[in-house]
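Input: a single structure, listed below in structure tokens.
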Amino acid sequence: MVIHRPDATLAVEDCPTPALAERFGTPLYVYSRAAIESAWRAYDQAFAGFDHQICYAVKANGSLAILQLLARLGSGFDIVSGGELARVLRAGGDPARVVFSGVGKTEAEIEQALAAGILAFNIESAAELERINAVAVRSGQRAPVSLRVNPDVDARTHPYISTGLKENKFGIDIQAAEGLYHHAASLPGIAVTGMDFHIGSQLTELEPLVDALSRSLALVDRLEADGIPLAHLDIGGGLGIRYEDETPPTPAALAERLGPLLAGRRQKLLMEPGRALVGEAGLLLTRVEYLKPGHRDFAIVDAAMTDLLRPALYNAWQRIETAEPVDADPRLYDIVGPVCESADTLGSERSLALRPGTLLAIHATGAYGFVMASQYNARPRPAEVLVDGDQAHLIREREPLEALWQGEHLLESP
Ligand SMILES: *Cc1c(COP(=O)(O)O)cnc(C)c1O
């Protein structure tokens with residue numbers, strides 16, 4: 001374990017968290033380099049028997065230094081905006097290993113991605129296909145495309161992060177996809193190269209993925225028979241992590257379960273893990289500002305929903321622990337932030353021994369943590385630190401107050 005408790009004090013690799021909080025202040029995101037790299041390698045090794053490419057889902061955590069680490073390992077990237085493409089390029093990522101997902105790609109984003117030379121557009125609708133064709137024809141190019149099929153399987157995860165059912169906005173109904181493939185193959189600005197799906201996030205069972213894959217493979221075979229061979233097949237991301245007591249499948253279990261279905265196929269296998277690569281590699285450190293006993297016992301901390309939105313947005317449960325020994329009796333606390341919203345609760349009824357000033361760690365916050373941070377209530381966004389052994393690198397500075405009005409203009413006239 002790289003996030004561990006060698007004594008009463010929580011450490012990330014060889015850096016005790018109280019020293020990190022002292023040096024960089026709180027709230028503070030801390031990531032373990034070793035945890036990220038070993039999660040990526042576990043995925044890569046699990047699929048070593050296949051011609052494959054990991055395309056890390058940037059939206060889980062897009063900090064430049066993290067993208068840089070992954071690019072150095074040879075990772076590709078799954079992006080959902082032109083902004084994410086710019087980040088990947090800035091961090092040294094290879095555009096030829098980038099796939100572009102998302103239901104609302106603008107013309108400017110399509111132009112940007114074509115100019116960069118990405119691996120594939122993951123197309124989510126007939127209208128998007130037409131737009132990409134038009135942009136490509138205009139610039140004298142052929143856009144490599146994959147259709148994101150919606151296989152209509154229930155990922156059996158939280159409804160907010162389930163994407164593979166007919167009623168979700170994502171992907172193209174698998175029944176309609178076949179016709180659209182034929183149309184795509186006839187368009188002058190389109191090169192049909194692949195098929196993809198992504199059925200949801202925080203998956204704790206493999207069956208939905210197996211179903212999605214077999215439905216997709218049936219279509220791949222029909223297309224091939226009709227003279228539309230595909231070069232790649234992209235199984236999306238979605239493997240869960242441990243927040244509480246889940247036992248999500250490992251990449252090795254995933255590869256073992258999907259292996260028989262994929263054996264003997266010529267398609268290159270792509271995958272788009274996000275959370276599974278970075279989620280458990282991160283902590284959010286926060287300090288108790290006040291204890292407020294009463295009808296409920298509140299611990300008011302210096303982190304808020306503006307720093308970590310998942311509890312407010314998804315009613316998500318995140319493990320919260322004291323990071324250092326505390327001389328106090330445990331009580332049931334609601335851990336709340338300073339923001340003027342009742343939704344600003346990071347955890348309810350947690351048994352913790354607290355005093356004002358106690359340092360807390362919120363676990364498994366490496367994914368969908370900082371990326372969702374905002375400046376609501378004029379709160380500067382927190383700093384981020386990457387730990388590597390006994391070294392701690394500041395990879396993002398805490399925002400100064402001036403950042404709160406960057407790009408704003410006062411009226412010049414009276
Ligand atoms: C969000 C997303 C992912 C990553 O999901 P995780 O659950 O973080 O692995 C992959 N692909 C697409 C298309 C996504 O929208």
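Every value quoted in this text rests on a predicted model; they were computed, and no experiment measured them. Each ligand, and each atom within it, is numbered from 1 in the order the structure gives. Any value given below was found using the heavy atoms of this structure, including those in side chains, with hydrogens, waters and symmetry copies removed.
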[Y]/[X] salt bridge by N-O under 4.0 Å criterion:
{"X": "Glu384", "Y": "Arg398", "answer": "no"}
{"X": "Arg131", "Y": "Glu109", "answer": "no"}
{"X": "Glu321", "Y": "Arg350", "answer": "no"}
{"X": "Asp94", "Y": "Arg97", "answer": "yes"}

Is there a donor-acceptor pair under 3.5 Å between the side chain of [X] and the backbone N or O of [Y]?
{"X": "Glu37", "Y": "Ala35", "answer": "no"}
{"X": "Glu280", "Y": "Ile241", "answer": "no"}
{"X": "Tyr29", "Y": "Asp307", "answer": "yes"}

Nearest protein heavy atom with distance in Å, relative to [atom]:
{"atom": "atom 7 (O) of ligand 1", "answer": "Ser201 OG, 2.2 Å"}
{"atom": "atom 5 (O) of ligand 1", "answer": "His198 CE1, 3.4 Å"}
{"atom": "atom 1 (C) of ligand 1", "answer": "Lys59 NZ, 1.3 Å"}

If you measure from each non-hydrogen atom of [X] to ligand 1, which part falls under 4.0 Å: side chain, backbone, both or neither?
{"X": "Arg275", "result": "both"}
{"X": "Asp196", "result": "neither"}
{"X": "Tyr368", "result": "side chain"}
{"X": "Ser101", "result": "side chain"}

Close-contact set for ligand 1 against [X] heavy atoms, below 4.0 Å:
{"X": "Gly237", "answer": "9 (O), 10 (C)"}
{"X": "Pro273", "answer": "9 (O)"}
{"X": "Asp78", "answer": "10 (C), 11 (N), 12 (C), 13 (C)"}
{"X": "Arg148", "answer": "13 (C)"}

[X] versus ligand 1: do any nitrogen or oxygen atoms come within less than 3.5 Å of each other?
{"X": "Gly238", "result": "yes"}
{"X": "Glu272", "result": "yes"}
{"X": "Gly274", "result": "yes"}

Have Glu399 and Gln406 got a donor and an acceptor in their side chains that come within less than 3.5 Å?
->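 Their side chains do not contain a donor-acceptor pair, so the 3.5 Å distance test is not met.
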Could you give all pairs that pass the side chain to side chain donor-acceptor pair (under 3.5 Å) test and reach residues 76-92, with sequence neighbours left out?
->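 Of all non-adjacent pairs touching residues 76-92, those that pass side chain to side chain donor-acceptor pair (under 3.5 Å) are Asp78-Ser101.
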